[in-house]
Amino acid sequence: MQTSMQRLCLSNEQIERLQAIIESKQNCKCQADVSFGTVWITSDDELNELRVSFLGDFELVVSRVGFTHKRRGTMTSVLEELKKICTEVGVPRIVIQSVLTPEMQAFCQAHHIEPDKNTTMQVGDVLVGDYYLMLDT
């Protein structure tokens, strides 16, 4: 018996909600590009970015995060929106891929996003790698 992985993509409305969060919190204008189910939201000055995509129907991958203005709640608001999106489509897990900075590690810890013991390693003061958040879907 052969099964195929379901291909999920963010809807235009979901993309617009994420874009609006970034524009509001970062005081910038953004555009969204979609390629092969991956959404890349960048500001016009290219200083702010967010890249997300579904891996089948079992996780939403955040593979790129960069915001000019720190400590404005941008990523917290983005995470809350991503949780809503996952609930809407029945995806049980969010992965923050390739955590590399002390700030993103602290964000993950503060939001109970756990390091994956198989893909993380200690590099200086940072436990780098992938962090997972299991959702109640």
Practice prompt. Applying side chain to side chain contact (heavy atoms under 4.5 Å, CB included), run through T119 and Q97 and close with a yes or a no.
Written response: CA-CA 10 Å; T119 64; Q97 198 173 56; over 6 Å; no
Taking all heavy atoms of [X] and all of [Y], pick out the closest pair and write down the distance.
| X | Y | result |
| --- | --- | --- |
| C86 | R93 | SG-O, 4.5 Å |
| V91 | F58 | CG1-C, 3.7 Å |
| G37 | C9 | CA-SG, 3.8 Å |
| T120 | P115 | CG2-CB, 3.9 Å |

Cluster check [X], [Y]: I/L/V/M/F/W/Y, side chain < 4.5 angstrom:
| X | Y | result |
| --- | --- | --- |
| Y131 | V128 | no |
| M134 | I113 | no |
| V34 | I22 | yes |
| V89 | I15 | yes |

Item to complete: Step by step, work out the side chain to side chain contact (heavy atoms under 4.5 Å, CB included) result for V52 and Q14.
Response: CA-CA 11 Å; V52 297; Q14 292 165 335; over 6 Å; no
Worksheet entry | Trace of the side chain to side chain contact (heavy atoms under 4.5 Å, CB included) decision for D130 with V61 | CA-CA 10 Å; D130 296 349; V61 179; over 6 Å; no
Worksheet item: Below 4.5 Å, heavy atoms only, C-beta onward: do L79 and L133 meet side chain to side chain?
Response: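 In short, these two side chains touch, coming nearer than 4.5 Å.
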Greater than 12 external heavy atoms within 6.0 Å of [X]'s [atom1]:
| X | atom1 | value |
| --- | --- | --- |
| Q122 | CD | yes |
| R64 | CZ | no |
| D125 | CG | no |

Measure the [atom1]-[atom2] distance between [X] and [Y] for me, rounded to the nearest 0.5 Å.
| X | Y | atom1 | atom2 | result |
| --- | --- | --- | --- | --- |
| E81 | I21 | CD | CD1 | 4.5 Å |
| T38 | D33 | OG1 | CG | 11.5 Å |
| R71 | K25 | CZ | NZ | 12.5 Å |
| I85 | L18 | CD1 | CG | 4.5 Å |
| E88 | L8 | CD | CG | 11.5 Å |
| T42 | E46 | OG1 | CD | 6.5 Å |

Fill in: C30: which of D45, I41, L50, D44 passes side-chain contact (heavy atoms from CB on, under 4.5 Å)
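Testing C30 for a side-chain contact (heavy atoms from CB on, under 4.5 Å) against D45, I41, L50, D44 leaves exactly one candidate, I41.
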Discussion item. Determine whether W40 and R51 satisfy the following criterion, side chain to side chain contact (heavy atoms under 4.5 Å, CB included), listing intermediate values before the conclusion.
Written reply: CA-CA 4 Å; W40 196 321; R51 185 169 60 193; 2.7 Å; yes
For residues 98-108, which side-chain N or O atoms pair as donor and acceptor with protein atoms under 3.5 Å away, sequence neighbours left out?
residue, atom, partner, partner atom, Å
T101, OG1, M104, N, 3.1
Q105, OE1, L127, N, 2.6

Discussion item. If we count only N and O atoms by modelled type, under 3.5 Å, do the side chains of Q26 and T68 hold a donor and an acceptor together?
Written reply: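 No donor-acceptor contact under 3.5 Å links the two side chains.
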Discussion item. Looking at A20, is its backbone amide N or carbonyl O close enough to the side chain of S24 to form a donor-acceptor pair, meaning the two atoms are under 3.5 Å apart?
Written reply: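 Not a single qualifying donor-acceptor pair exists.
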Fill in: Pairing of K84 and E80 as salt bridge, 4.0 angstrom limit
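No, K84 and E80 are not salt-bridged.
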